[in-house]
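For reference, the structure discussed in these notes is given below.
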Amino acid sequence: VIYRILDIFFVIFHTSLILFNLFGWIWKRTRVANLITLSLTGGSWLILGLIVGMIGYCPLTDWHFNILYKLGKTDLPISYVKYLADRLTGLDFNQTLIDNATLYGFIIALVISLLLNARDFRKRWLEKQQ
């Protein structure tokens, strides 16, 4: 029972984090937090990825997949986004398509978040100078 609860928790939490990474820059109040979560995600993918030997590594995926293994799930994909897309739709998405969409979505969200946070910071700085 605990593993089923943890499975549901990870689906909700990890999916929420992904959605926040992609769209958290939209609201001014969440832009700094969005930039922080995007930075942590990118750091995980690169720095932790180099440490564990797999670029794109995410500890949330690792922990969730360990729970799924305990629930008897096998043949899990490498990517959490592919797992989620397959799970929610019942389809079998192409891994390369999902990986590319994930990377491009991340890059687009990061660029937008950086630009908007820089603009907001500059605006606050200019207001303090007056």
Side-chain angles (χ1 to χ4, degrees):
V1 173
I2 187 72
Y3 291 123
R4 291 193 194 283
I5 293 169
L6 287 171
D7 174 38
I8 293 167
F9 166 78
F10 273 106
V11 168
I12 293 169
F13 179 73
H14 202 175
T15 303
S16 298
L17 178 61
I18 291 167
L19 291 172
F20 183 72
N21 273 347
L22 292 173
F23 303 111
W25 52 266
I26 292 173
W27 303 277
K28 190 172 184 176
R29 291 180 147 228
T30 61
R31 284 186 189 145
V32 172
N34 174 253
L35 187 56
I36 291 168
T37 61
L38 283 166
S39 299
L40 290 171
T41 299
S44 172
W45 287 359
L46 292 175
I47 297 166
L48 287 179
L50 289 172
I51 292 170
V52 301
M54 183 176 77
I55 298 295
Y57 175 77
C58 175
L60 294 176
T61 300
D62 202 10
W63 298 332
H64 190 185
F65 282 10
N66 283 332
I67 290 164
L68 292 172
Y69 289 132
K70 291 181 191 250
L71 289 170
K73 309 269 190 207
T74 58
D75 296 328
L76 293 170
I78 295 171
S79 161
Y80 179 78
V81 176
K82 175 172 170 30
Y83 164 75
L84 185 63
D86 291 354
R87 179 174 176 169
L88 293 177
T89 65
L91 302 173
D92 183 15
F93 284 91
N94 178 279
Q95 182 71 57
T96 303
L97 173 70
I98 295 292
D99 289 347
N100 287 336
T102 301
L103 178 61
Y104 296 142
F106 172 80
I107 291 169
I108 290 166
L110 180 61
V111 168
I112 293 170
S113 186
L114 283 167
L115 291 172
L116 291 176
N117 274 288
R119 184 192 70 184
D120 294 347
F121 176 79
R122 184 175 184 269
K123 184 178 176 184
R124 284 191 306 271
W125 185 79
L126 288 174
E127 288 171 355
K128 287 181 181 179
Q129 300 305 311
Q130 294 177 353

For this session: Count the heavy atoms of every other residue, nucleotide or ligand shown that sit under 6.0 Å from CD1 of Ile26, and state whether that count exceeds 12.
Result: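 Above 12, so yes.
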Exercise. If you draw a 6.0 Å radius around CD1 in Ile107, do more than 12 non-hydrogen atoms from other residues or ligands fall strictly inside?
Worked result: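 Yes, the 6.0 Å shell around CD1 holds more than 12 heavy atoms from other groups.
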Problem set entry | Pairs touching residues 60-79 that satisfy salt bridge (charged side-chain N to carboxylate O under 4.0 Å, His left out), sequence neighbours left out |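 Checked against salt bridge (charged side-chain N to carboxylate O under 4.0 Å, His left out) - neighbours excluded - no pair reaches residues 60-79.
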Are [X] and [Y] in one and the same hydrophobic cluster, where Ile, Leu, Val, Met, Phe, Trp and Tyr link if side-chain heavy atoms are under 4.5 Å apart?
X: Phe20; Y: Tyr104; value: no
X: Leu40; Y: Phe23; value: no
X: Trp27; Y: Leu17; value: yes
X: Leu60; Y: Phe106; value: no
X: Trp63; Y: Phe13; value: yes

To the nearest 0.5 Å, what is the distance between [atom1] ([X]) and [atom2] ([Y])?
X: Asn66; Y: Thr61; atom1: CG; atom2: OG1; answer: 11.0 Å
X: Leu114; Y: Ser39; atom1: CG; atom2: OG; answer: 7.0 Å
X: Ile36; Y: Asn21; atom1: CD1; atom2: CG; answer: 11.5 Å
X: Ile12; Y: Ser16; atom1: CD1; atom2: OG; answer: 7.0 Å
X: Ser44; Y: Ile51; atom1: OG; atom2: CD1; answer: 9.5 Å
X: Ile5; Y: Asp7; atom1: CD1; atom2: CG; answer: 10.5 Å

For this session: Would you please say whether a donor-acceptor pair under 3.5 Å links the side chains of Thr30 and Asn34?
Result: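 There is no such pair between these side chains.
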Problem set entry | Cluster companions of Leu126 among Ile, Leu, Val, Met, Phe, Trp, Tyr (side-chain spacing under 4.5 Å) |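 Trp125, all in the cluster of Leu126.
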State, to 0.1 Å, how close [X] and [Y] come at their nearest heavy-atom pair, and which atoms those are.
X: Phe65; Y: Pro77; value: CE2-O, 2.9 Å
X: Ala109; Y: Leu38; value: O-CD1, 3.7 Å
X: Gln95; Y: Ser79; value: NE2-CB, 3.1 Å
X: Leu97; Y: Asn94; value: N-OD1, 2.9 Å
X: Leu46; Y: Ile55; value: O-CD1, 4.1 Å

Quick one: are [X] and [Y] in side-chain contact, heavy atoms under 4.5 Å?
X: Asp92; Y: Lys82; answer: yes
X: Tyr83; Y: Asp86; answer: no
X: Leu68; Y: Phe10; answer: no

Exercise. Are Tyr80 and Val11 close enough, and set up right, to give a side-chain contact (heavy atoms from CB on, under 4.5 Å), and what steps lead you there?
Worked result: CA-CA 10 Å; Tyr80 179 78; Val11 168; 4.2 Å; yes
For this session: Apply side-chain contact (heavy atoms from CB on, under 4.5 Å) to His14 and Leu84, showing your working.
Result: CA-CA 10 Å; His14 202 175; Leu84 185 63; over 6 Å; no
Please list, chain by chain and in numerical order, all residues satisfying side-chain contact (heavy atoms from CB on, under 4.5 Å) with [X], sequence neighbours excluded.
X: Ile112; result: Trp25, Ile108, Leu116
X: Thr102; result: Trp45, Val81, Ile98
X: Leu91; result: Thr89, Phe93
X: Leu6; result: Ile2, Tyr3, Ile67

For this session: Apply the test side-chain contact (heavy atoms from CB on, under 4.5 Å) to residues Leu19 and Thr15: give CA-CA distance (whole Å), side-chain angles for both, the deciding distance (0.1 Å), then the verdict.
Result: CA-CA 6 Å; Leu19 291 172; Thr15 303; 4.2 Å; yes
